[in-house]
Amino acid sequence: MPAGRLHAVSDAGLILGRALCLAPVTLLDPRDWRWPDDGDEDWPLCWICLTLTHPRS
């Protein structure tokens, strides 16, 4: 199981293995995982990806 920050991935990222913040990522099975609303100590969210997926109004 990969460790480190959770990243958001776009459709292109699923092919290229890159997060929205352009970090290389290990892709997880979407049947088992989804982008959470908040992280925890074991799986903190990438702040750049979080900002890109939750833009302020």
Side-chain angles (χ1 to χ4, degrees):
M1 192 58 145
R5 296 197 176 277
L6 289 176
H7 293 274
V9 178
S10 67
D11 291 340
L14 292 173
I15 296 168
L16 302 174
R18 290 224 171 253
L20 293 178
C21 69
L22 302 181
V25 293
T26 301
L27 299 174
L28 302 174
D29 189 335
R31 293 173 294 185
D32 298 327
W33 292 89
R34 65 179 177 79
W35 179 244
D37 291 330
D38 58 356
D40 60 24
E41 289 180 14
D42 293 332
W43 292 87
L45 301 181
C46 169
W47 288 103
I48 296 170
C49 289
L50 185 61
T51 300
L52 292 171
T53 58
H54 293 91
R56 293 184 180 180
S57 314

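Just so it is clear, the values below take in all heavy atoms, side chains as well, and ignore hydrogens, waters and symmetry mates.
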What closest approach, in Å, do T53 and A8 show between heavy atoms, and which atom pair accounts for it? CG2-CB, 3.5 Å
Which atoms form the tightest heavy-atom contact between V9 and A19, and what is the distance? CG2-CA, 4.2 Å
Sequence neighbours excluded, which residues qualify as side chain to side chain contact (heavy atoms under 4.5 Å, CB included) partners of [X]?
X	value
T51	none
I48	C21, C46, L52
L22	none

Has the side chain of R5 got a donor or acceptor atom that lies under 3.5 Å from a matching backbone atom of L45? yes
Kindly compute the distance separating OG1 (T26) from NE2 (H7), expressed to the nearest 0.5 Å. 9.5 Å
According to a hydrophobic-cluster definition based on side-chain heavy atoms being under 4.5 Å apart (Ile, Leu, Val, Met, Phe, Trp, Tyr only), do L6 and L50 belong together?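 Same hydrophobic cluster.
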